[in-house]
Amino acid sequence: MHSSVTGWFVLFAVLGCTQERISSGAEGDASTDSATSLTECGASIFEAFTESAIAPPTANSDLYLTADDADKTAVRASLQAWFEGDTDAAIQHGQKAGYDLCRGTGAESGWVLWSPASVGQGRALWALNTSAEARGLIVETPHPEHDLDTLPQGVDLVRTLGARALITSGTHRCANTTASQCSGQTRVCTGSLALYPESDMAHTLASRFQAVHEAMAGHYPNDLVVSLHGFGDDGISLSNGTTDPISAGDPVARLALALEQQLPAENITSCNAFPGGTTENRLCGTTNVQGRHLNDSPDACTQAADQASQRFIHMEQSLTIRQNEASAVQAAFEALLSD
C-alpha cells in the first residue's frame, strides 16, 4: 500500500484512557447520558487505515470471513445505538460484531472509530465524523488492496474536506475463491471472465461493509456517497451507478466539470451524458451493490436500478491520478460540496 498519508500519523502521541465523554454529535443525533465513555484511540484514528494495521487477507488465501445475518445486525445495531446517543449499547453491539470503538482527540475530536478487535479476517472498518460541521460526503474504498492508493486518497479526502465518514474494506477483493451470489462478472481475479468473489465489497451483500454503508446512507439521507476505484485506463471515469443521461446540475456532472477545470490535460469522462460533458462508458459501476442500494434497486445483489437517486458517485481513476493529483481531486470535491 502506498504510504502517502504516513506523515499524518505522527501527530498524536499515546494518551491512555479517559472518562471524558463525546456526544454522538452530528446534527439531528441524540446526545448521550450513558455512564460509559469511549476510550481515546491513543494515536491518530487514521493510523488504523493502513495496510500494516489492517493486515488484510491476501489474494486467493480464502481467509476473508464473510458476514452472516447476525454480524450485519450487530453492525447496524451498533451504529443505530450511536446515532441515538446510547454509547453503552453502541459498544456492546460493536463487540458482538467483533469491533472496538474509540474516539479521536485534538484535531480529531469528534471522530469515532470502529476497528476490528482482531485483524487478518478482512472485516471492514470505518470512522464517523460526529461534528455538527461534518460535510455531507461519505467516502468508500471497497478495493484498497487491489486499487492501489485509493485508501490513502480516501483518508486525505475525508480529512481535508471534513467529510462525514470513511468506510473501507479490510480484505483484498480476490481473497476468497468462492463466488458472490450477486450479478456481474470480472476478469480481475482469475484472468478469465468469472463471477465476482464473495470478498469483493462492491459486489456482495454478505458483508459488514454493506451493513455500514446502508446504516450510514440511511441515517444521513442527504449525503453523497463516493466509491473510489482504480483502473488501467487514462484519466477519470464517473457515473451515478447507471448509464442514463443526467442534467448539468447533478453531482456527477458538476464533479466532472470541476475535475476538467482542475485537470485540463486529463481524459475526464462520464458514463452519464450531460450538456457540456464527454460521454464514454468506461467501468460504469452498474453492478456495484452500494450504488444499486442508493439507486433504490429492488434487489441490489441481482437487479440493476431503474433510475438514479443522484446520491452515488462511482469514480474510476488512473494510477497517475491516484498517486500524483491529490490536490486537484480534493479541489474538485471542494467545489462540488460548496455549490
Side-chain angles (χ1 to χ4, degrees), residues 1-5 51 54 56-61 64 139-157 168-169 171-177 179-180 182-204 209 226-243 252 255-256 258-260 262-273 277-291 312-330 332-333:
M1 179 64 65
H2 188 66
S3 58
S4 64
V5 298
E51 184 176 20
I54 295 170
T58 57
N60 300 311
S61 66
Y64 166 65
V139 178
E140 299 181 343
T141 58
H143 303 146
E145 294 304 308
H146 182 272
D147 296 2
L148 296 179
D149 295 296
T150 53
L151 181 53
Q153 180 186 46
V155 169
D156 285 343
L157 273 177
T168 193
S169 168
T171 184
H172 193 289
R173 67 185 299 189
C174 303
N176 285 12
T177 54
S180 167
C182 296
S183 59
Q185 294 181 309
T186 182
R187 290 184 172 86
V188 166
C189 296
T190 64
S192 58
L193 202 60
L195 294 172
Y196 288 98
E198 64 184 3
S199 49
D200 190 326
M201 295 301 101
H203 300 282
T204 180
F209 187 100
V226 60
S227 185
L228 299 176
H229 297 262
F231 67 171
D233 211 337
D234 62 334
I236 297 173
S237 172
L238 299 174
S239 87
N240 62 13
T242 76
T243 55
V252 163
L255 181 59
L259 286 165
E260 285 182 0
Q262 293 294 326
L263 298 164
E266 293 289 347
N267 183 25
I268 311 298
T269 64
S270 169
C271 299
N272 310 109
T278 301
T279 307
E280 186 176 353
N281 288 355
R282 299 193 295 161
L283 297 182
C284 298
T286 57
T287 59
N288 182 294
V289 295
Q290 289 85 48
F312 182 65
I313 301 173
H314 186 268
M315 185 171 176
E316 295 281 356
Q317 309 159 87
S318 70
L319 186 59
T320 297
I321 297 291
R322 285 172 271 153
Q323 291 187 336
N324 302 325
E325 300 295 352
S327 296
V329 171
Q330 290 166 13
F333 273 98

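All heavy atoms count here, side chains included; hydrogens, waters and symmetry mates do not.
For Asn324, the side-chain contact (heavy atoms from CB on, under 4.5 Å) partners two or more places apart in sequence, or in a different chain, are Thr320.
In this structure, OG1 in Thr177 is found 14.0 Å from OH in Tyr64, a value given to the nearest 0.5 Å. In this structure, CD1 in Ile54 is found 8.0 Å from OG in Ser169, a value given to the nearest 0.5 Å. In this structure, CD in Gln262 is found 10.5 Å from CD in Gln330, a value given to the nearest 0.5 Å. Interatomic distance, Glu145 CD to Thr168 OG1, rounded to the nearest 0.5 Å: 8.0 Å. Here the SG-NE2 distance, from Cys284 to His314, works out to 8.5 Å after rounding to the nearest 0.5 Å. A distance of 12.0 Å separates OG of Ser180 from CD of Gln185, quoted to the nearest 0.5 Å.
The shortest side-chain heavy-atom distance between Asp200 and Val188 does not fall under the 4.5 Å cut-off. The shortest side-chain heavy-atom distance between Glu51 and Pro56 falls under the 4.5 Å cut-off. Side-chain contact between Thr171 and Met201 is present, with heavy atoms from C-beta onward closer than 4.5 Å. With contacts defined as side-chain heavy-atom distances shorter than 4.5 Å, the pair Thr287/Cys182 does not qualify. No side-chain heavy atom of Thr150 sits under 4.5 Å from any side-chain heavy atom of His229. Using a 4.5 Å heavy-atom cutoff, the side chains of Phe209 and Pro142 are in contact. Residues Leu259 and Leu238 have side chains in contact (heavy-atom distance under 4.5 Å, counting atoms from C-beta outward). For the pair Leu157/Leu228, a side-chain contact is recorded, criterion being any heavy-atom separation below 4.5 Å from C-beta on.
Gln317 and Glu325 form no side-chain donor-acceptor contact under 3.5 Å, judged by distance and modelled atom types alone.
Between His143 and His203, the angle of the ring planes stays under 30°, which puts this pair in the parallel group of the 30/60° scheme.
Nearest heavy-atom pair, Ser199 versus Ala175, reported as atom, atom and distance to 0.1 Å: OG-N, 3.2 Å. Residues Ala273 and Thr279 share a closest heavy-atom pair of CA-OG1, 3.3 Å. Taking each heavy atom of Ser183 and Tyr196 in turn, the nearest pair found is O-CD1, 4.2 Å. Pro197 and Cys189 get closest at one heavy-atom pair: CG-SG, 3.8 Å.
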Item checked: Test log, rule side chain to side chain contact (heavy atoms under 4.5 Å, CB included), inputs His172 and His146 -> CA-CA 6 Å; His172 193 289; His146 182 272; 4.0 Å; yes
Checklist line | Steps toward side chain to side chain contact (heavy atoms under 4.5 Å, CB included) verdict (Leu148, Gln323) | finding: CA-CA 9 Å; Leu148 296 179; Gln323 291 187 336; 5.6 Å; no
Margin query: Under the criterion side chain to side chain contact (heavy atoms under 4.5 Å, CB included), I'd like the reasoning laid out for Asp233 against Glu316: C-alpha separation, chi angles, the key distance, then a yes or no.
Written below: CA-CA 9 Å; Asp233 211 337; Glu316 295 281 356; over 6 Å; no
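In this structure a side-chain-to-backbone donor-acceptor pair under 3.5 Å is present from Ser318 to Ile321. Of the possible donor and acceptor atoms, none in the side chain of Arg322 sits under 3.5 Å from a partner among the backbone N and O of Gln153.
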Validation: residues 263-272 side-chain donor-acceptor distances under 3.5 Å, sequence neighbours left out:
from   : atom 1 : to     : atom 2 : distance (Å)
Asn267 : ND2    : Asp234 : OD1    : 3.4
Thr269 : OG1    : Arg282 : NE     : 3.1
Thr269 : OG1    : Arg282 : NH2    : 3.1
Ser270 : OG     : Asn272 : N      : 2.9
Ser270 : OG     : Asn272 : O      : 2.7
Asn272 : OD1    : Asn240 : N      : 2.9
Asn272 : ND2    : Asn240 : OD1    : 3.1
Asn272 : ND2    : Thr242 : O      : 2.9
Asn272 : ND2    : Thr242 : OG1    : 3.4
Asn272 : ND2    : Asp244 : O      : 2.9

